[in-house]
Amino acid sequence: MKNINGKIKLAAGLALALAALGVLALTPLRRSFAQIGGSALFSPGLESIIKARELTPGDVEAALKTFVPPGSYDDYMMFASGGQAGNVLVFGIPSMRLLKNIPVFSQDSWQGFGVGDHNTRDLFNQGKAAGQVQTWGDVHHPALSVTKGLYDGEFLFVNDKANGRIGVVDLRDFKARQIVKNPLIATNHCGAKVTQDTEYYVEGAQFGNPLPYTDFAPLSRYKEDYRGLVTFWPFDRSAGKLVQDKSFTVELPPYWQDLGGMGKGVSHGWVFINTYNTEMAWPDSSQGKPPIEIAASQREMDYMHVIHWKKVESLLKAGKIKTKTIKGMRVVPIAEAVRQGVLYNIGEPKSPHGCDLNPDGRFIAVSGKLDPHATIFSFHKIMKAIETKNYEGTDPYGIPILKFKDTVEAQVELGLGPLHTEYDDKGYAYTSLFLDSAIAKWTLDKGPRGEKPWTLVEKLSVHYNVGHLTVAGGDTAKPYGKYLVALNKWSLDRALPVGPLHPQNLQLIDITGEKMQLLSDVPTVGEPHYAAIIKADALKPWKIYPEIGFNPLTGKKSPTATLPGKERVVRDGKNVHVYMTAIRSHFIPDRVHVKQGDHVYVHLTNIDRAQDATHGFALSSYNINLSIDPGATVDTDFIADRSGVFPWYCSEFCSALHMEMMGYLTVK
Ligand code: RUQ
Ligand code: CUA
């Protein structure tokens, strides 16, 4: 507990805080105050709690702003990347209570994800990299689907930086529905967002590699044989799938493509992608090469790629652009992209990271670890430079370079290590400062309170070394504002010690007032990168599956669905198909007898129609746990290669007789 002075001011402070919060509105909290009686805003009991816990008025205000009474719901949901944990964590805001873990690239035995079920097996097979199934991923950037630039609450996309993959999550059931592997690149990072109407998910490379990465070329031929790229994956909303056949890729130099911003509003049709290591350095300290972090930071300027994807799309439709096909991907070579006027570079201060368009798409804020400014490019000026061919030469691959000074609108000095920028509903921008461990708030053009254009207005310390930040709706055409979450890389002393691997630390910040206010610390797991906050009422998730026998992966009725009364065991030589149902509190059949070496398939349908009546199927010793939500059909199979007696049971405490919900597999 903090040691503070002036506790006598608490009463007044709290009264003010309560008044400011409008607790005189009709909430249960207010009624309880009323029940306490009289005009007192809080009871002697409350005062003693505040004193005993040594809370300041600010603490009390923060507590009230984040408290969501038991049984009540949060107003917003945040989808936060789980980093190396390969998943997405869903938090309620303002309480910051964890609502869900969505496994995408990694296993989660609670949800029966990747421990024997066919759906995860199929997903992981789709997501093979270099022919190998990957059971983890490095999730960086959750991107919510948008319609007219606004979150529509239908889908969530996440990238796996480690393996150059994208996962699609259906927000009707919060389950992964597809994993696509880009066959050309080993790693991805940039883009990692969707275009204004989710026409495309935009994926850029991270580290340069030969195209495809599964071809060998020596590092000594880095400049000649290595490349970067950006792939536009069309999204078929009705199927809930990215479509590889219709995708197109623009080849890029082997700089390391970093984050990208999608054009919107006036800049719809364009994409802007930062790069670093335009030195095209590659590591080999055994040959006396300087460390890569030094070698890749020699030049004062790197390049931002400016790409007119809408024009590429229409040229492709008209058959007027040359492509080559590599590993089934349509690739527009650099020279062709230059010839068609769809690819440009602009110099940008070295080692840029964030690349974030403001809500109406007029400005692109770029900032990087090594420059204390946010550099704001004007879309209008970029267009003018392109029209007038106002170039300062070309890069080594012939890509025209637009003049920095003629495309920049402003540079705002923010502090050390600026990374990512998001926007609120009032006209402010917020940038994370990694080295300063702070959030900088600045005015986008003229400030809403009459501040000078393009000026820093406030800094708030966060703890510590913030990477991304997110504002509610902050990457949409119409941010909600209200809350900002700092996604910090270090937590140091902010949580009770739990061994050398510290928790991550998310911090919730109120941005409604004149000053930002830190509301809570939220220790969590898995390194967070980006997170997206959506209004809870924009989501319409299912409570149960729409029909009995629904397959969550295909989104269709499963061919193996089993209705009550149709349970059966079908033998076909060594193959044994068990069509099973589960309902509180039994499995039918509840006894399966096979011969050693038989190939056993279990097709299990949960015929319960009550919400939350999920059943499990935990088969001892065979490394299988299924989770079957009401209405779902889930399949598994195994070779009964070990003889013995193997009970299975329901691994969800579903009913009073749950402990009896079991069966025996006997293998002779
Ligand atoms: S990137 S901070 Cu993918 Cu900034 Cu993580
Ligand atoms: Cu079903 Cu426990």
Side-chain angles (χ1 to χ4, degrees), residues 80-84 110 112 137-143 157-162 164 166 187-193 203-207 256-261 273-274 276 351-356 365-369 417-422 431-435 437 439 462 464-470 475 485-490 504-506 526-532 580-588 590 604-608 610 612-618 625-630 632 634 647-663:
S81 66
Q84 321 86 330
W110 169 43
D138 186 9
V139 172
H140 274 227
H141 309 119
F157 305 85
V158 286
N159 72 313
D160 164 22
K161 166 166 160 160
I166 306 149
T187 52
N188 70 19
H189 196 223
C190 94
K193 292 236 162 141
E203 179 196 28
Q206 175 100 84
F207 305 116
W256 293 345
Q257 278 77 36
D258 203 46
L259 284 161
I273 298 172
N274 287 336
Y276 64 114
S351 295
H353 190 51
C355 181
D356 302 289
V366 165
S367 46
K369 303 139 275 193
L419 296 184
H420 300 284
T421 300
E422 289 241 321
T431 301
S432 52
L433 304 176
F434 178 81
L435 296 173
S437 287
I439 302 298
V462 291
Y464 300 90
N465 299 91
V466 56
H468 270 278
L469 52 72
T470 183
D475 65 346
V485 173
L487 303 135
N488 305 302
K489 302 298 188 186
W490 292 63
Q504 306 291 151
N505 191 28
L506 312 186
E527 180 174 322
H529 291 268
Y530 187 54
M580 189 184 286
T581 60
I583 191 167
R584 282 161 294 167
S585 303
H586 56 265
F587 294 100
I588 301 176
D590 51 8
L604 184 47
T605 301
N606 180 347
I607 56 176
D608 254 304
D612 209 4
T614 294
H615 298 292
F617 177 87
N625 184 43
L626 308 180
S627 169
I628 315 99
D629 297 324
V634 178
W648 80 77
Y649 66 96
C650 171
S651 48
E652 283 271 342
F653 208 125
C654 56
S655 64
L657 294 174
H658 148 83
M659 299 296 283
E660 289 77 17
M661 190 169 172
M662 62 83 68

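In listed order, ligands and their atoms are each counted from 1.
His658 has its ring centre no less than 6.0 Å from the ring centre of His615.
Side chains of Thr421 and Thr431: a donor-acceptor N/O pair is present below 3.5 angstrom, by distance only. Side-chain polar atoms of His420 and His353 form a donor-acceptor pair below 3.5 angstrom.
Formation of a donor-acceptor pair under 3.5 Å by the Thr187 side chain with backbone atoms of Gly164 is not found in this model.
If you number the atoms of ligand 1 from 1 as listed, the ones under 4.0 Å from a heavy atom of His420 come out as 1 (S), 2 (S), 4 (Cu). Set against the non-hydrogen atoms of His189, the atoms of ligand 1 under 4.0 Å away are 1 (S), 3 (Cu). Of all atoms in ligand 1, numbered sequentially from 1 with element shown, those under 4.0 Å from a heavy atom of Lys489 are 2 (S), 5 (Cu).
Taking each of Lys161, Lys369, His353 in turn, the one with a heavy atom nearest to atom 1 (S) of ligand 1 proves to be His353.
Residues passing the salt bridge (Lys or Arg N to Asp or Glu O under 4.0 Å) test with Asp475, sequence neighbours excluded: Lys193. Partners of Lys369 under the salt bridge (Lys or Arg N to Asp or Glu O under 4.0 Å) rule, at least two apart in sequence or in another chain, do not exist in this structure. The salt bridge (Lys or Arg N to Asp or Glu O under 4.0 Å) check on Glu527 picks up Lys489, with sequence neighbours excluded.
Around atom 5 (Cu) of ligand 1, protein N, O or S atoms at less than 2.8 Å comprise His529 ND1.
For the side-chain contact (heavy atoms from CB on, under 4.5 Å) with Ser432, the lone residue among Val462, Val466, Leu487, Asn488 that qualifies is Val466.
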